[in-house]
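Below, chains carry the letters A, B, ... as their sequence lines are ordered, and counting in each starts from 1. Worth saying up front: this structure is predicted, and the values here are computed from it rather than measured.
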Number of protein chains: 2
Amino acid sequence: MTPPEPRPRDRGIPEATVARLPVYLRALQALDDRGILTVSSEHLAETTGVNSAKLRKDLSHLGSYGTRGVGYEVEYLIYQISRELGLTQDWSVAIVGAGNLGRALANYGGFGTRGFRIAALLDADTAVLGDTVAGLSVGHIDALEDVVDRENVSIGVIATPAVAAQEVCDRFVEAGVTSVLNFAPVVLNVPPGVDVRKVDLSIELQILAFHEQRKADGYAGLDPFGKGPV
Amino acid sequence: MTPPEPRPRDRGIPEATVARLPVYLRALQALDDRGILTVSSEHLAETTGVNSAKLRKDLSHLGSYGTRGVGYEVEYLIYQISRELGLTQDWSVAIVGAGNLGRALANYGGFGTRGFRIAALLDADTAVLGDTVAGLSVGHIDALEDVVDRENVSIGVIATPAVAAQEVCDRFVEAGVTSVLNFAPVVLNVPPGVDVRKVDLSIELQILAFHEQRKADGYAGLDPFGKGPV
DNA sequence: ACGCCCTTGTGAACACGCGCACAAAGTGGG
DNA sequence: CCCACTTTGTGCGCGTGTTCACAAGGGCGT
Ligand SMILES: NC(=O)c1ccc[n+]([C@@H]2O[C@H](COP(=O)([O-])OP(=O)(O)OC[C@H]3O[C@@H](n4cnc5c(N)ncnc54)[C@H](O)[C@@H]3O)[C@@H](O)[C@H]2O)c1
Ligand SMILES: NC(=O)c1ccc[n+]([C@@H]2O[C@H](COP(=O)([O-])OP(=O)(O)OC[C@H]3O[C@@H](n4cnc5c(N)ncnc54)[C@H](O)[C@@H]3O)[C@@H](O)[C@H]2O)c1
């Protein structure tokens with residue numbers, strides 16, 4: 001419309017902010033549980049480990065929900081963040097791969113309490129079919145399309161070995177799933193419009209190893225008071 | 001210090017680059033397994049899902065290991081990246097919390113093959129002490145300091161419930177561990193010089209839910225034909 | 001030996017995110 | 001009613017990271 005207008009993706013919340021909102025939400029819920037009614041950006045920032053100005057800027061993307069001189073009303077902010085994140089509705093999740101990780105995930109209680117319902121746990125190995133994990137019976141992978149359709153699954157979790165991950169992903173996408181959480185150590189290929197997030201433990205360890213090595217090498221790095229290599 | 005000198009932290013590799021090196025490494029190892037001797041930045045970039053210029057810039061931080069007109073020698077690059085990441089030595093890892101997740105991690109074979117040795121699996125619950133997981137006997141949490149010392153543990157993994165995480169972390173730090181991988185949904189407090197990385201599945205799901213909601217809202221955003229998030 | 005073509009390595013422009021610092025706005029006390 | 005104090009919301013400069021585009025460099029065919 002207006003040529004000199006820097007507006008193309010303004011209705012969008014910065015990705016970095018989106019990644020922090022769940023952290024704020026969790027801290028706010030802890031405050032709420034303790035019966036605390038309001039909180040300042042300074043205090044909330046401290047408990048979530050971020051800069052208070054950054055926190056305020058993050059929240060300002062949702063609207064002006066604070067009161068100057070006072071702070072933010074805990075319950076109201078919980079509601080606003082939840083709404084923004086889409087947590088006022090329930091989401092169905094399907095997990096593929098009922099191995100070590102898939103079972104741990106299915107057994108994990110922390111999902112249901114946040115509005116994520118595990119609709120199915122699927123596997124290709126007939127030896128595990130019918131096993132009961134967390135009250136859920138392991139289904140066959142060929143039921144994937146049916147499950148996605150019937151249970152209205154919108155998030156697919158991949159906990160299979162690496163070689164099977166792309167194929168499972170393709171089936172998810174084909175079935176209409178547009179959000180995938182991948183634990184297999186492979187780069188998934190997906191069409192535009194599909195979001196993939198990956199959790200890769202080996203990479204995390206390798207990053208830690210890199211920094212660990214840095215500390216070990218006698219690097220007189222920045223931060224002279226750095227509590228050095230203890 | 002010196003105004004015209006851009007040298008203060010030059011020997012350092014950008015954090016974003018460090019996070020990608022393990023991805024390149026994995027792709028290179030796959031090429032190596034297939035007997036492929038050299039690879040171009042274009043090709044490697046495609047299989048790892050990054051921009052080829054970014055890949056070249058990443059690799060240039062390690063040195064000039066490519067040959068113009070040809071590409072990179074796979075084996076040599078594997079060696080250089082491994083060295084930079086500190087993977088030419090072995091690292092001892094201690095896991096605390098022998099629940100669903102801790103056991104899945106201990107059972108996972110993908111760590112040992114990359115130079116990470118699980119030195120111990122510890123828990124506070126006497127009911128699980130002595131259980132054998134992946135050839136490892138679950139030890140008591142009070143042995144943490146001993147284990148760290150004796151096995152030369154440099155990376156601590158926290159797979160306990162949230163309430164116990166900070167305390168376990170403190171004990172790790174006190175014992176001399178300077179790298180922590182945390183699975184519990186809490187913000188850990190550590191002194192300078194200690195690296196913490198977190199893996200938080202609930203946050204990953206919430207981020208996916210946010211984007212999912214975005215897609216569902218009939219947002220006739222920019223770019224009617226997808227290409228949106230990816 | 002020479003020149004063509006391929007690929008690297010990087011300069012420069014751009015986009016994004018961070019944190020300081022402060023004016024605006026609201027509260028509570030006198 | 002006014003003033004002093006607290007805390008929000010944000011303008012701005014800075015640093016980091018990404019991408020384009022291209023000159024420099026090296027192999028290979030002739
Ligand atoms: N266990 C961990 O702690 C851990 C850590 C890091 C990464 N990972 C990754 O997570 C994934 C799963 O790990 P895991 O330890 O649970 O492995 P696992 O071998 O215990 O389980 C994998 C499961 O996937 C099933 N499967 C195989 N092919 C399938 C297919 N085509 N369709 C459906 N199911 C299929 C198998 O039958 C098996 O039950 C792997 O990619 C692994 O690299 C696991
Ligand atoms: N299981 C999952 O898939 C999953 C997913 C996301 C997050 N998490 C998080 O990972 C952590 C572990 O999850 P889990 O499912 O394995 O839980 P879990 O309850 O199965 O296991 C926790 C283990 O920690 C032990 N423990 C408790 N206090 C301890 C202490 N002070 N010192 C040592 N050990 C102690 C318990 O005895 C238990 O064996 C939790 O914080 C959870 O929120 C787990």
Side-chain angles (χ1 to χ4, degrees), chain A residues 4-21 23-24 28 36-74 76-77 80-81 207 222-223, chain B residues 1 3-21 23-24 28 31 36-74 76-77 80-81 207 222-223 227 229-230:
Chain A
E5 217 183 8
R7 279 289 119 135
R9 53 192 308 279
D10 205 30
R11 187 59 205 136
I13 295 179
E15 196 54 35
T17 295
V18 173
R20 282 187 296 265
L21 288 178
V23 181
Y24 304 150
L28 286 165
I36 294 173
L37 299 178
T38 65
V39 65
S40 71
S41 65
E42 197 69 46
H43 182 229
L44 188 56
E46 195 170 347
T47 66
T48 52
V50 304
N51 176 293
S52 69
K54 179 162 40 172
L55 188 148
R56 288 196 296 276
K57 197 164 284 185
D58 283 343
L59 295 183
S60 76
H61 288 290
L62 315 190
S64 264
Y65 298 139
T67 306
R68 291 168 194 237
V70 177
Y72 299 87
E73 193 190 331
V74 173
Y76 188 55
L77 200 50
Q80 290 298 344
I81 294 179
I207 293 172
L222 51 163
D223 193 33
Chain B
M1 313 298 174
E5 213 184 11
R7 278 289 118 142
R9 53 192 308 278
D10 207 29
R11 188 59 206 138
I13 294 180
E15 196 54 34
T17 296
V18 173
R20 283 187 295 267
L21 289 179
V23 180
Y24 306 150
L28 286 165
L31 292 174
I36 294 173
L37 298 179
T38 65
V39 65
S40 72
S41 65
E42 197 69 47
H43 183 230
L44 188 55
E46 194 171 348
T47 66
T48 52
V50 305
N51 177 294
S52 70
K54 178 158 49 171
L55 188 149
R56 287 196 297 278
K57 196 161 280 187
D58 283 343
L59 295 183
S60 76
H61 286 111
L62 316 189
S64 263
Y65 298 138
T67 307
R68 292 167 193 237
V70 177
Y72 300 87
E73 194 190 332
V74 173
Y76 187 54
L77 202 48
Q80 290 298 344
I81 294 180
I207 294 172
L222 55 159
D223 204 77
K227 286 281 190 179
V230 162

Length of the line joining [X]:[atom1] and [N]:[atom2], which is rounded to integer Å:
X       : N      : atom1 : atom2 : answer
B:Tyr76 : C:dT8  : OH    : P     : 16 Å
A:Leu55 : C:dC20 : CG    : P     : 14 Å
A:Leu44 : D:dG9  : CG    : P     : 13 Å
B:His61 : C:dT8  : NE2   : P     : 17 Å
B:Asp58 : C:dT10 : CG    : P     : 13 Å
A:Leu59 : C:dG19 : CG    : P     : 15 Å
A:Glu73 : D:dT7  : CD    : C1'   : 16 Å
B:Arg56 : D:dC20 : CZ    : C1'   : 10 Å

Would you call [X] and [Y] a side-chain contact if the rule is heavy atoms closer than 4.5 Å?
X       : Y       : answer
B:Tyr72 : B:Arg56 : yes
A:Val74 : A:Leu28 : yes
B:Leu21 : B:Leu62 : yes
B:Ile81 : B:Leu59 : yes

If you compare every side-chain N and O of [X] against the phosphate oxygens of [N] (OP1, OP2), does one of them come in below 4.0 Å?
X       : N      : value
B:Lys54 : D:dT19 : yes
B:Tyr72 : C:dG9  : yes
A:Ser40 : D:dT7  : no
B:Ser64 : C:dG9  : yes
B:Tyr65 : C:dT7  : no
A:Arg20 : C:dC18 : yes

When you get a sec, tell me which of [options] is the closest nucleotide to the side chain of [X]?
X       : options                : answer
B:Ala53 : D:dG17, C:dA21, C:dT10 : C:dT10
A:Ala16 : C:dT10, C:dC18, D:dG11 : C:dC18
B:Arg68 : D:dG26, C:dC18, D:dG17 : D:dG26
A:Glu15 : C:dG17, D:dG27, D:dA21 : C:dG17
A:Ser41 : C:dC20, D:dT18, D:dT8  : D:dT8
A:Asn51 : C:dG9, C:dA12, C:dG19  : C:dG19

Hey, is the side chain of B:Lys57 pairing donor to acceptor with the base of D:dT18 inside 3.5 Å?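 Answer no: no donor N or O sits under 3.5 Å from an acceptor.
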Please determine whether side chain to side chain contact (heavy atoms under 4.5 Å, CB included) holds for the pair A:Glu15 and B:Ile207, giving the CA-CA distance in whole Å, both sets of side-chain angles, and the decisive distance to 0.1 Å. CA-CA 9 Å; A:Glu15 196 54 35; B:Ile207 294 172; 3.9 Å; yes
Count the heavy atoms belonging to other residues, nucleotides or ligands that lie under 6.0 Å from CD of B:Gln80, then report whether that count exceeds 12. yes
